[in-house]
Every structure is written in structure tokens, then in C-alpha cells.
Amino acid sequence: MADTPALELRSVHQVYGFGASATHALDDVHLTVPAGRFVSLIGPSGCGKSTLLRLVAGLEEPDAGVVRVHGVPPQQACAAKMIGLVPQSPALLPWLSVLRNVTLPQKINKGAGRRRERIVADTGPSAAPSVSDMRELLVKAGLGEAVHKLPAQLSGGMRQRAAIVRAFGLRPDVLVMDEPFSALDEFTRESLQDQLLDLWDELRTTVLFVTHSVSEAVRLSDTVVVMAPRPGRIVDTIEIDLPRPRNERLFRERRFHAYEDLVRDRLRRAWHGAAA
Ligand code: ADP
């Protein structure tokens, strides 16, 4: 089963509404993501990014086509706690400390580990982390001083960091992130990108990441998937062949900016195609 992709979408169509007013949110979408890759989706509003995420996260079923997570339907992968979701704004429970917020999910569904073992043979990354593992992840994410604080006592960036630690801490096989940094200022955003890459380097979770930022997509990703609207579809898949770790020095290099220009050019075409 080692060759089973982490994510697979085949001939996926999703239509909302009927007749002349129907919206083709996704039209014949094919996407294969091998395990451990960091893939970003980028494209103008309405091109189906959120729809694609909802299908992968098992929150909706496609009207046609096949969606598989490690070879099984997303609902089955969700029941085995193989999928983690980081939404745009961090949904932390306000009455629990940061540490209790990030350790709560693994206490809730204890049968998930066995269900996962039936789907993926190697149990490596999903071995349940202990409270001290989670504390260590919080320290790595710069939240060492905040473990016993309530969410209301933290800044927006710190809350989002806690939400990311919580998602990674569950050791999901696939982590789905819907513009997790969009509400943050640029400086905080860059520092969270650093921390996200550090965690990802260590845990090698497969990540599907939605962003509107070209430089964020290039910096983080192995693959950038460019989408276009009306109908929502994939128009380009760009492999980002840059070394890791991707630190500040790389941002000053010409090849980093060449990738930014390439993605920007493909996005422009997606816009113009949409407007035509
Ligand atoms: P994006 O995330 O790229 O902005 P979405 O996936 O949210 O795009 O939406 C794709 C298209 O499908 C848009 O035209 C949107 O209005 C439409 N759409 C999405 N969800 C629904 C829904 N639940 N009901 C009706 N239309 C929807």
C-alpha cells in the first residue's frame, strides 16, 4: 500500500443549484498527491478551492467522480482521525487553557487508532502523542509561556499557532488548511510560515493548503495547483523545485522570484480566461 497516494481526486464534478442558475463549482478535477507532499491551491475567488477542501475533508460528497484519502473514502479516513483541518479562524474552546485545548481531541476518539491501522499499514506518524509531546510542540511553536493561558489572553497569531499545533499534534495523515494566515499581519504571517515548515519538516504530514498569496504558496509548497473559475477547475500544476529548508536567504534569490513570476503569470491567465 506504500504507493497509494495520500489524496486522489478523479473526474470530480460538483454542481450547486439546478438548470440555468447552476454553478459548476468543480468541473472534471483530477489531482493526485503522494504522501508527505505540501500542496497549495491558489486561484481567484469562486474557483472551487473551498469546495475541493470540503470534499477532501469528507464534509460533502461529490456529485460525480471519486475522492480517496489513502485509498479510502474521506468519511472513513475522518472516522480514523486521519484528516486534520485548520480553518481560517482558530476554533479554540475559550474556557480551556492552551494545553488542554491542544490535548483534548486525542482524548475524545480512542477507537480511531485501530481504524487507522486497518487503512494504513505503518502506524508511525499516528502513534498518539502524550501531553508532554504536545507541550514540546507548543514550545517549538513559541507558545512555551502560554501553555496555561486561556485563548482570550493570546494575540490572534498565537491563537492560530495553537490551532496549528493542535492539528499537527493529532498526527493526521493529511492536514487540510483553509487560508490559515489570511487574517494576520505580514510579519506574524512570515513567522507562522516558519513554524509551520518546522513542524512539517519534522512530521512530514501531507498538507493541502489554500492561499491567496503567491509568495506564501511558492515558499511553502512542493506543488502549486492553479485554479480558475466558471467552471471551477485546475488549469496548472507547478512543481516548486527549490531546496529546503526555505529560509530568508532563499527569498533573495532569483530562482525564488522566478517561481513567483511563473505562478503570477498562470494566475493572470486564469483571471483572463475567467473574464473572457
Ligand atoms: P473559492 O473557495 O475558490 O472562493 P468556492 O468553492 O467557495 O470557491 O465556490 C465555488 C463556486 O461554488 C462559487 O461560485 C460559489 O458561489 C459556489 N458555491 C460554493 N458553495 C456553494 C453552496 N453551498 N451553494 C451554492 N453555491 C455554492
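Just so we're clear, the structure is a prediction, and the values are computed from it rather than from any experiment. For the numbers below, each heavy atom of this structure counts, side chains included, while hydrogens, waters and symmetry mates do not. Just follow the structure's listing: the first ligand is 1, and inside any ligand the first atom is 1. For this chain, numbers begin at 1 and follow the sequence in order.
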As a test of reading the model: which residues have a non-hydrogen atom less than 4.0 Å away from ligand 1?
Y16, T23, A25, P44, S45, G46, C47, G48, K49, S50, T51, R54
Sole candidate of T32, T205, T223, T206 that passes side chain to side chain donor-acceptor pair (under 3.5 Å) when paired with R37
T223
For the pair W200 and F38, name the ring-plane relationship: parallel under 30°, tilted 30 to 60°, perpendicular over 60°.
perpendicular
Sort out for me which residue in R249, H257, R255 forms a side chain to side chain donor-acceptor pair (under 3.5 Å) with E253.
R255
Where the side chain of T23 meets the backbone of A25, is there a donor-acceptor pair that is under 3.5 Å apart?
no
Given the options D222, D198, D201, R244 meets salt bridge (Lys or Arg N to Asp or Glu O under 4.0 Å) only with D222
Enumerate, atom names and distances included, each donor-acceptor pair closer than 3.5 Å involving a side-chain atom of residues 43-51, sequence neighbours excluded.
unit_1 : atom_1 : unit_2 : atom_2 : d
K49    : NZ     : G43    : O      : 2.8
K49    : NZ     : P44    : O      : 3.3

